[in-house]
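Residue indices begin at 1 and follow the sequence shown. Just so it is clear, the values below take in all heavy atoms, side chains as well, and ignore hydrogens, waters and symmetry mates. These numbers were taken from a predicted model, which means no experiment stands behind them.
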Amino acid sequence: MRRRSLLLAALPAGLVTLSACGDDKSGASKGASSSPSVSSAPPPKIVDGPLPAITAGKKFGEKPTVAKGTGDPSPNLAVKTVIAGSGRTIAENDFIQANYLGQIWDTAKVFDNSYDRGRPLLMQLAQGTIIDGWRYALAGKKTGSRVEIAVPPELGYGKAGQPDAGIKGTDTLVFVIDLIESFNSKSSAQGKPVAQDDPALPKVATNTDGQVPKVTVPKSDPPKKLVSAYVLEGDGPELKADQTVLCQFQGLVWEGGKTFQRTYGSGRLSQFSLEQMEQTVKGLAQGLTGKKVGSRVLVVVPPELGYGDKPPTGGVIKKDSTLVFTVDILAAM
């Protein structure tokens, strides 16, 4: 199974992208779907076994080695907390950041793991975006936990299986999952405040309560070149140009300071690839590359790195507008 195989939708519901920025202060772009709905079907029965033994790599964060399943697996979803964490409790529709290893019960064949890639999975725990076995098994668990699960076919890939990964429609799948962090629409960057002492740049509030940080745009002319500056500096790894970012953001037009899009207070987060953003708002992608996860960043985008003379129709962005973004970089994959 490749990294994409856990995903059941190309764009998880409830996300906001910048592909069609318009005058949308609620944060839902025209291309984004509504928040994920909860299945009307009753949740599956969850049992505590049987589950194969973890024979090596037993510490949180270590790549585990898992024994072959013994006998027949349960027809129900088997879930065991191997290491109990003490972080925040994960709820359905939260985003999770996790390392994992998956293998087939009958053969112990490992079909995927994130440990070797060195990039944890970043995924919304929502119907239609991740296999149901994960969705039901991980809701209610705390970050910092290691969870082992055995997923019957109907809560995994169904009768079709995943032939490219060697998964048949009758295979029960075993996962070991290290829950690193979780995020929801109230999440904010938690970095340290950085002095904002340039009067020619917008001032951004440093609140970390998930509410919209106030932006005060000066009445002077905007800068001619791209500006990217920390408001809150986090201590996470620096973003690379080939990564996908999970964030809170807002976008304003310099002239008049009107907001054209935001996630804060909307019940949603934004997730986008920096490579894709290069094709939409090049200055935003460039302004975020190299910045640390956990930070709030001010990015001022001149027209030639924004929409130039081809702004979105029907919104507050006009031809040759300078754009102002505040971005809380919550996580990256």
Side-chain angles (χ1 to χ4, degrees), residues 11-18 24-29 32-36 85-99 119-126 129-130 134-135 138-145 177-194 204-215 230-239 243-251 259 261-274 277 284 287-288 291-299 325-333:
L11 177 65
L15 297 189
V16 177
T17 67
L18 290 171
D24 186 358
K25 295 183 182 180
S26 70
S29 69
S33 56
S34 60
S35 296
S86 58
R88 52 172 73 104
T89 301
I90 296 169
E92 186 167 2
N93 296 332
D94 283 358
F95 283 80
I96 59 168
Q97 187 174 43
N99 275 312
R119 288 189 178 183
L121 175 76
L122 182 61
M123 179 54 56
Q124 192 176 24
L125 201 68
T129 70
I130 200 165
W134 277 52
R135 185 164 67 93
L138 299 182
K141 301 300 184 185
K142 291 183 179 292
T143 57
S145 297
I177 305 163
D178 286 338
L179 296 168
I180 300 169
E181 190 54 274
S182 70
F183 308 93
N184 58 34
S185 60
K186 297 181 180 179
S187 297
S188 287
Q190 300 292 323
K192 295 181 179 179
V194 175
V204 183
T206 58
N207 55 294
T208 59
D209 55 2
Q211 299 302 308
V212 185
K214 181 180 179 181
V215 179
Y230 285 118
V231 176
L232 300 171
E233 185 173 358
D235 57 5
E238 295 181 352
L239 290 180
Q243 288 190 291
T244 294
V245 181
L246 179 69
C247 65
Q248 294 266 29
F249 84 94
Q250 64 179 322
T259 300
Q261 197 173 32
R262 73 182 183 212
T263 59
Y264 302 99
S266 71
R268 296 173 172 86
L269 295 175
S270 179
Q271 187 179 31
F272 55 81
S273 160
L274 290 177
M277 187 57 64
L284 181 57
L288 293 179
K291 289 295 187 281
K292 298 175 185 177
V293 173
S295 300
R296 176 171 298 162
V297 181
L298 167 70
V299 183
F325 292 96
T326 69
V327 183
D328 282 20
I329 306 170
L330 301 177
M333 180 177 73

Pairwise side-chain contact, [X] with [Y], heavy-atom cut-off 4.5 Å (strictly under):
X      : Y      : value
Ile177 : Leu138 : yes
Lys192 : Tyr230 : no
Asn184 : Asn93  : no
Thr326 : Val215 : yes
Phe272 : Leu288 : yes
Phe95  : Leu330 : no
Ile329 : Lys292 : no

How long is the straight-line distance from [atom2] of [Y] back to [atom1] of [X], given to the nearest 0.5 Å?
X      : Y      : atom1 : atom2 : value
Ile180 : Thr143 : CD1   : OG1   : 10.0 Å
Lys186 : Gln211 : NZ    : CD    : 8.5 Å
Trp134 : Thr129 : CH2   : OG1   : 11.0 Å
Ser182 : Leu125 : OG    : CG    : 9.5 Å
Arg135 : Gln124 : CZ    : CD    : 11.0 Å
Thr208 : Asp328 : OG1   : CG    : 9.0 Å

_Using the rule side chain to side chain contact (heavy atoms under 4.5 Å, CB included), only one of Val299, Val327, Val297, Val245 pairs with Lys291; which is it?_
Val297
*Sole residue of Ile130, Asp94, Leu246 in side chain to side chain contact (heavy atoms under 4.5 Å, CB included) with Met123*: Ile130
Shortest non-hydrogen separation from [X] to [Y] and the atoms involved:
X      : Y      : result
Gly251 : Phe325 : CA-CD2, 3.8 Å
Lys141 : Leu179 : CB-CD1, 3.8 Å
Arg268 : Thr263 : O-CB, 3.5 Å
Ala205 : Pro213 : O-CB, 3.7 Å
Gly210 : Ser188 : N-OG, 2.7 Å
Thr259 : Gln250 : OG1-OE1, 4.4 Å

_Test your reading of the model: is there a side-chain donor-acceptor pair from Ser295 to the backbone of Glu233, 3.5 Å cut-off?_
no
*Check: Ser187 main-chain N/O paired with Gln248 side-chain donor or acceptor under 3.5 Å*: yes
*Taking atom CG of Asn207 as the centre, report whether more than 12 heavy atoms of other residues, nucleotides or ligands fall under 6.0 Å from it.*
yes
*Give the C-alpha distance, both sets of side-chain angles, the deciding distance and a yes or no for salt bridge (Lys or Arg N to Asp or Glu O under 4.0 Å) between Glu181 and Arg88.*
CA-CA 8 Å; Glu181 190 54 274; Arg88 52 172 73 104; 2.6 Å; yes
